[in-house]
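Heads up: the structure comes next, in structure tokens.
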Number of protein chains: 2
Amino acid sequence: MALQETMKALSNPVRREILMMLKTGAQPAGDIAQHFELSQATISAHLSLLKHADLIREQKYKNYIYYELNLSVFEEATLWLKGFTNEK
Amino acid sequence: MALQETMKALSNPVRREILMMLKTGAQPAGDIAQHFELSQATISAHLSLLKHADLIREQKYKNYIYYELNLSVFEEATLWLKGFTNEK
DNA sequence: CATCTATTTAGGATTTTAACGAAATAGGTT
DNA sequence: AACCTATTTCGTTAAAATCCTAAATAGATG
């Protein structure tokens, strides 16, 4: 998919921290927001951008929206980067 | 070093294209600029940012400033990304 | 169905980024 | 020293990103 979207999404520290939070498993938007001193609305916008970049997926359960990593796009980005160090 | 600088630098398509141009070896700033329909000043600013992110190094020779990749920082970024897909 | 809770959307202020042309600098070369 | 040539720095402008508060939406629950 679009490397541009991926890289743009990864360029922001808040979004990277969100991704790291999701390493251990899916979490609802509210829980994610509580880890930051930022408004819920701001975190929601970051989540939306990560979703558009396809780095995360959402999954509804009860009253919550759980977000989780979508690893395939990470693999693409990793490959792009490895292209610099691997080849002779 | 600072992952923030690295990711910020990689988030821009012009800068990524510059990096790809340097895969095949060092090139002077002027040659790099010629591959884009952007002013020399703009490319110079991109090169400066890449240099601050430590993704490239400069090397003076005759009248030119040659830029070349600095692979160690690519490795750090690759490791960070692989941290998402590798671990269980 | 009325209400509560979780989350997003809208609108707006502030900061950052990307670009340009023009001027400045830094080295070579004559 | 004077002059090229390559590159950067300066000053400015326009567009995009980030954040906030307040209002809207969407589901679950009583």
Side-chain angles (χ1 to χ4, degrees), chain A residues 1-22 25-70 73 77, chain B residues 1-22 25-70 73 77:
Chain A
M1 274 141 245
L3 189 68
Q4 174 57 26
E5 302 301 315
T6 309
M7 290 308 194
K8 203 77 190 170
L10 293 176
S11 72
N12 179 282
V14 171
R15 288 192 291 268
R16 284 198 307 277
E17 197 167 335
I18 290 174
L19 293 173
M20 289 194 287
M21 285 181 67
L22 296 180
Q27 291 194 49
D31 284 19
I32 296 169
Q34 277 193 320
H35 278 75
F36 298 90
E37 291 190 344
L38 295 171
S39 73
Q40 187 101 249
T42 295
I43 296 300
S44 179
H46 281 305
L47 288 170
S48 170
L49 201 150
L50 286 168
K51 195 170 57 181
H52 274 103
D54 224 21
L55 285 163
I56 61 175
R57 277 187 297 251
E58 69 180 33
Q59 196 184 342
K60 292 179 187 178
Y61 177 66
K62 283 198 172 170
N63 220 2
Y64 305 88
I65 301 179
Y66 281 81
Y67 285 97
E68 63 186 350
L69 297 180
N70 180 20
V73 177
Chain B
M1 272 143 246
L3 188 69
Q4 174 55 25
E5 302 301 316
T6 309
M7 291 309 194
K8 204 79 189 168
L10 293 176
S11 72
N12 179 281
V14 171
R15 288 193 290 269
R16 284 198 306 277
E17 197 167 335
I18 290 174
L19 293 173
M20 289 194 288
M21 285 180 67
L22 297 180
Q27 291 195 49
D31 285 19
I32 296 169
Q34 276 193 322
H35 278 75
F36 298 90
E37 291 191 343
L38 296 170
S39 72
Q40 186 100 247
T42 296
I43 297 300
S44 179
H46 281 304
L47 288 170
S48 169
L49 202 150
L50 285 168
K51 195 170 57 182
H52 274 102
D54 223 22
L55 285 162
I56 61 175
R57 277 187 298 253
E58 70 180 32
Q59 196 184 341
K60 291 179 187 178
Y61 177 66
K62 284 199 172 167
N63 221 2
Y64 305 88
I65 300 180
Y66 282 80
Y67 285 97
E68 62 186 348
L69 296 181
N70 180 21
V73 177

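Side chains are part of it too, since the values below use all heavy atoms of this structure and drop only hydrogens, waters and symmetry mates. Letters A, B, ... mirror the listed sequences (proteins, then strands); counts begin at 1.
Remark on DNA chain D: of its neighbouring residues A/Asn63 and A/Ser11, the 5'-side contact belongs to A/Ser11, judged by nearest-heavy-atom nucleotide. Nearest-nucleotide positions on DNA chain D place B/Tyr66 closer to the 5' end than the other of B/Tyr66 and A/Arg15.
The side chain of A/Tyr67 places an N or O atom within less than 4.0 Å of a non-bridging phosphate oxygen (OP1 or OP2) of C/dT8. For C/dT5, neither phosphate oxygen OP1 nor OP2 lies less than 4.0 angstrom from any side-chain nitrogen or oxygen of A/Lys62. Close to D/dT18, at under 4.0 Å from its OP1 or OP2, lies a side-chain N or O of A/Asn12. Taking side-chain N and O atoms only, A/His46 has a distance below 4.0 Å to OP1 or OP2 of D/dC19.
Taking each heavy atom of B/Gln27 and B/Ile32 in turn, the nearest pair found is O-CD1, 3.8 Å. Shown here for B/Gln40 and B/Ala29, the closest heavy-atom pair between the two residues is OE1-O, 3.9 Å. When every heavy atom of B/Ala9 is checked against every heavy atom of B/Leu50, the shortest pair comes out as CB-CD2, 4.1 Å. The shortest non-hydrogen separation linking B/Lys8 to B/Arg15 is O-NH2, 3.2 Å. Heavy-atom minimum distance, B/Met21 versus B/Asp31: CE-O, 4.3 Å.
In this structure, the NE2 atom of A/His52 is 12 Å from the P atom of C/dT8, given to the nearest Å. Straight-line distance from the CD atom of B/Gln4 to the P atom of C/dT16: 12 Å, rounded to whole Å. A straight line from CG of A/Leu47 to P of D/dT18 spans 13 Å, rounded to a whole angstrom. Between the NZ atom of A/Lys8 and the P atom of D/dA15 there is a distance of 16 Å, rounded to whole Å. The OH atom of B/Tyr64 sits 14 Å away from the P atom of D/dT8 (whole-angstrom rounding). As a whole-Å value, the separation of A/Glu5 CD from D/dA17 P is 9 Å. A straight line from CD of B/Glu58 to P of C/dT25 spans 18 Å, rounded to a whole angstrom. Straight-line distance from the CG atom of A/Leu49 to the P atom of C/dT8: 13 Å, rounded to whole Å.
Within residues 35-45 of chain B, the residues that place at least one heavy atom under 4.0 Å from DNA chain C are, in residue-number order, B/Glu37, B/Leu38, B/Ser39, B/Ala41, B/Thr42.
Residues A/Phe36 and A/Ile18 meet the side-chain proximity criterion, which asks for heavy atoms closer than 4.5 Å. Within the 4.5 Å cutoff, side-chain heavy atoms of B/Ile56 are placed close to those of B/Lys51.
Closest contact between the side chain of B/Ile65 and the listed nucleotides D/dT18, C/dT7, D/dT7 involves D/dT7.
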